[in-house]
Number of protein chains: 2
Amino acid sequence: MAGIRQLAERLDISIGTVSRALNNKPDVKKETRERVLKMALEMGYRPNQMGRALRRGSTNTIGFVMEIGNPSALGGDNFFMGLLDSVQEVLAKSGFDLVLLPCRSADDPIEFLQRQIARGVADALVISATRRHDPRIELLLKTGTPFLALGRSETKGDYPWIDLDFEGVAGQSVRRLAAMGHNRIAIAMPRRSVNLAHLFLQGYRSAVADLGLDPDPDLVQRVSSSENGGMALANRLMSLDIPPTAVILAHELMASGLYDGLQQGGLRPGHDMSIIGFRQNPQLRYLRPSLACHALSLQALGQAVGRRVLALVDPPESDPPSPLVWEMDYIEGDSVRPLIPVA
Amino acid sequence: MAGIRQLAERLDISIGTVSRALNNKPDVKKETRERVLKMALEMGYRPNQMGRALRRGSTNTIGFVMEIGNPSALGGDNFFMGLLDSVQEVLAKSGFDLVLLPCRSADDPIEFLQRQIARGVADALVISATRRHDPRIELLLKTGTPFLALGRSETKGDYPWIDLDFEGVAGQSVRRLAAMGHNRIAIAMPRRSVNLAHLFLQGYRSAVADLGLDPDPDLVQRVSSSENGGMALANRLMSLDIPPTAVILAHELMASGLYDGLQQGGLRPGHDMSIIGFRQNPQLRYLRPSLACHALSLQALGQAVGRRVLALVDPPESDPPSPLVWEMDYIEGDSVRPLIPVA
DNA sequence: CTGTTAGCGCGTTCAC
DNA sequence: GTGAACGCGCTAACAG
C-alpha cells in the first residue's frame with residue numbers, strides 16, 4: 001500500500017512524472033510510463049483518493065441517500081437492492097464508485113444531507129422517497145450539489161428526476177376494475193407527504209371521476225407500506241358500512257397482510273375483494289391467489305438511473321437529464337375478478 | 001456552505017485560531033471561541049472532510065461492506081436494514097458516520113476492498129458474509145485496516161468478529177425435533193464456502209451423531225437462501241426414497257417457498273413435515289402454519305456491532321474486541337409437531 | 001519529454 | 001492567546 005512518493009523514489013524519477021504516467025497524460029515517454037505502471041503493480045500502489053479528491057475537487061463517487069428504518073425497508077422491500085445492482089454496474093464502467101448513505105428516519109434529513117455534502121464524499125447524490133414538498137431538493141439546489149431525484153416533487157426548480165408512473169398505474173387499475181363491474185373501488189397508500197401517495201391518489205381520483213364511480217372518501221385509506229399496513233387495511237375496509245369490492249395498493253408489500261386480514265374476517269381475496277398490487281415483487285411470487293400487479297425491470301431502471309447521474313458529472317454526452325416517467329406493464333393475477341361472474 | 005478560510009476572514013482572525021476554536025483546543029480565549037462558534041453557525045460552516053481527513057489521516061467514518069445482488073438480498077432479507085439502523089445510532093453518538101459500500105457479487109471482492117481501503121473512505125470496515133476461507137480477511141490484516149467481521153471464518157489471525165450461533169441453533173433444533181420422535185431430519189443451507197453453512201452443518205452433524213439419528217447424506221441439502229431455494233428444497237426432499245419428517249433451515253426466507261412446494265406436492269407443512277426456520281423475520285409473520293424459528297434483537301446486535309467497531313478506532317474504553325457468539329432464543333410455532341401425535 | 005512548484009482545505013507546531 | 005508557516009498526497013501549470 002505505497003504512495004506516489006515511494007513509487008517515485010524507487011524509480012528515481014519525480015513524482016510529477018509518475019502522476020502523469022499513472023493518469024495517462026500524453027507528455028510521457030512510452031518506456032517511462034511502462035516502467036511506472038510495472039512498478040506500481042509490483043508495489044501494490046493505490047492512489048490515495050483523499051489527496052486526489054482534495055486536489056481535483058471530485059471523488060469519482062456517487063452517493064445514494066437511502067432511508068433505513070422505515071416500514072417497507074424493514075418489511076423486506078427489495079426495490080433498492082435490485083436497483084443498486086445495475087446502478088453500480090453502469091457507474092463501474094465509467095470508473096465511478098457507489099456509496100450508500102443511510103439516513104435514519106429519526107435523523108434530520110437536512111442536517112444529514114449537509115454533512116454529506118460537506119464531507120465531499122460524492123460528486124453527485126441520488127435521493128429517493130421524495131416528499132411532495134421536499135426541503136432536501138431546495139438545499140441541494142441552493143448549494144449547487146448535482147443530484148438526481150428518484151421520485152418527483154412539487155418543489156420547484158430545474159433538476160433531473162426519474163419516477164415510476166404512479167398516476168398511470170392508479171388510473172389504469174381503476175379503469176380495469178371498473179370494466180369488470182366494480183363500482184366501489186378503494187385505494188391504499190402511505191401518508192400524504194410522500195409524493196408518490198399524492199400522485200397515486202391523483203390518478204385514482206381522476207379516473208373515478210371520469211367513470212362516475214363512487215367517490216366515497218372512506219375508500220381512500222392511508223396505511224404503512226408493509227404487511228402490517230395491509231392487515232390494518234383489511235380491518236378498516238371490512239368495517240365500512242358498505243365494504244368496497246376492489247382495492248388498489250400503492251405498495252405490494254401490503255398484499256400479504258391484506259390477504260390474511262381478509263381471510264381472518266371470512267373474506268376470500270380475489271373472490272370477495274379484487275386486489276391490484278403495485279410492483280411485481282419476487283417475494284410475493286408464491287402468494288395465492290396470485291397478485292395482479294405491474295412489472296418493472298429493476299435492471300433497466302437502474303441503468304437509467306446510473307446513466308443519468310453520470311450525465312451530471314461526466315461530460316454530458318448528449319444525454320439530456322430530462323424528467324422521466326417510468327412506465328409499468330400490467331400483469332394479470334387471480335386476485336382480480338369480475339364483480340358479477342359471467343358464468 | 002463556507003470553509004474555514006471565509007470564516008477566518010469574516011472574523012478577521014487567523015485560520016489557525018479558528019481551527020483551534022472549532023476543535024476545542026485549550027489555547028484559545030473563551031470569548032474568541034464563542035465568537036467563532038457563533039459565526040460558524042451563522043455562516044453554516046461545514047468543515048471539508050477531505051482536507052480534514054488528509055491532514056488527520058482519519059475520516060470519522062465507518063464503512064460497511066455489503067453484498068448486493070445475492071438471492072437473499074433480492075428476496076427481501078431485512079437483516080441488514082434492521083441492523084444498520086442501530087449501528088448508525090451508536091456511531092452517531094460518537095460522531096461517526098456510516099457509509100454502505102455495496103459490492104456486487106459479480107465484482108472481485110479483493111479488488112473492491114483494495115479500492116475502498118485506498119479511497120480512505122473509512123477508518124474501519126465491517127465485512128459480512130464471511131467465507132470459510134476468506135481472502136478479504138487476509139488482505140485487511142496485511143494492510144493493517146481495522147475491521148470487524150460479521151461472521152466467523154477459518155482464516156487465521158487476530159481480529160474481532162461477531163457471529164450468530166449457527167452451531168447452537170442447528171444442534172438445538174435437531175435435539176428438539178428428535179425429542180418429538182423425528183429420526184430422519186433434513187437440513188438446508190447455502191453452498192459450503194459460506195462459513196455459516198459450515199457451522200450450521202457442524203452443529204447438525206454433531207447432534208445427529210450424538211443422538212444416533214439417521215445420518216443419510218441425502219438429508220443435507222444445498223439451496224439458495226431464498227423463496228426459490230425453498231421451493232427447490234421441497235422438490236428435492238419429496239423426491240427422496242424416504243422423505244424426511246422434519247427439516248431445519250439455515251435461512252428463514254426458504255420457508256415460504258418450502259411451504260408452497262410441499263403443498264403443491266400434497267404435503268402439509270407442520271403436519272407431514274416439521275420445519276424450523278432460522279431467524280424470526282417480521283416478513284414471515286403471517287405465514288401459516290406459523291414458523292418455528294429463533295428470535296434475535298437486531299437492535300441489540302446492531303449496538304454490539306457499533307460498539308465493537310468503534311472500539312477499533314476510538315480510545316478502546318475497556319471494551320476488548322473479543323469474539324462474540326450471539327445466542328438466539330427458540331420461538332415455538334405450528335410448523336413443528338411430534339412425529340406420532342399423542343392424541 | 002521531465003523536474004519543479006504551487007496549491008486543494010485543513011490541523012498543528014513553533015514562534016511571537 | 002494568537003498568527004504564520006508547514007505538510008498530509010496528489011494533480012496541474014509552468015519551466016527547462
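The sequence lines fix the lettering, A, B, ..., with proteins before strands; numbering per chain opens at 1.
For B:R104 and B:E111, the salt-bridge test fails: no basic side-chain N is under 4.0 Å from an acidic carboxylate O. Salt bridge A:E67/A:R131: present, at least one basic N to carboxylate O contact under 4.0 Å.
Between atom CG of residue B:L91 and atom OG1 of residue B:T61 there is a gap of 9.5 Å, rounded to the nearest 0.5 Å.
Taking atom CZ on A:R55 and atom C1' on C:dC10, their separation rounds to 16 Å, with Å as the unit. Rounded to whole Å, atom C1' of C:dC10 lies 15 Å from atom CG of A:N48.
You'll find the side chain of B:L148 reaches within 4.5 Å of the side chain of B:V305, heavy atoms only.
Summarising the geometry of A:D134 relative to A:A129, their closest heavy-atom pair is OD2-O, 4.3 Å, with the distance given to 0.1 Å.
At least one side-chain nitrogen or oxygen of B:R52 sits closer than 4.0 Å to the OP1 or OP2 atom of C:dG11. Dashed line: the shortest gap from a side-chain N or O of B:R56 to OP1 or OP2 of C:dT12 is not under 4.0 Å.
A distance-only check finds a donor-acceptor pair linking the side chain of B:D123 to the backbone of B:T59 [under 3.5 Å]. Although no hydrogens or angles enter the test, the distance criterion places a donor-acceptor pair under 3.5 Å between the side chain of B:S105 and the main chain of B:I68.
Side-chain atoms of B:N23 and B:R56 form no donor-acceptor pair, as typed in the model, at a separation below 3.5 Å.
Of all nucleotides in DNA chain D, those with any atom nearer than 4.0 Å to a heavy atom of chain B start and finish, going 5' to 3', at D:dG1 to D:dG9.
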Every protein N/O within reach of nucleotides 1-5 of chain C N/O, cut-off under 3.5 Å:
from  : atom 1 : to    : atom 2 : distance (Å)
C:dT2 : OP1    : A:T32 : OG1    : 2.7
C:dT2 : OP2    : A:K29 : N      : 2.9
C:dT2 : OP2    : A:T32 : OG1    : 3.3
C:dG3 : OP2    : A:S14 : N      : 3.1
C:dG3 : OP2    : A:S14 : OG     : 3.2
C:dG3 : OP2    : A:T17 : OG1    : 2.7
C:dG3 : N7     : A:R20 : NH2    : 3.1
C:dG3 : O6     : A:R20 : NH1    : 2.7

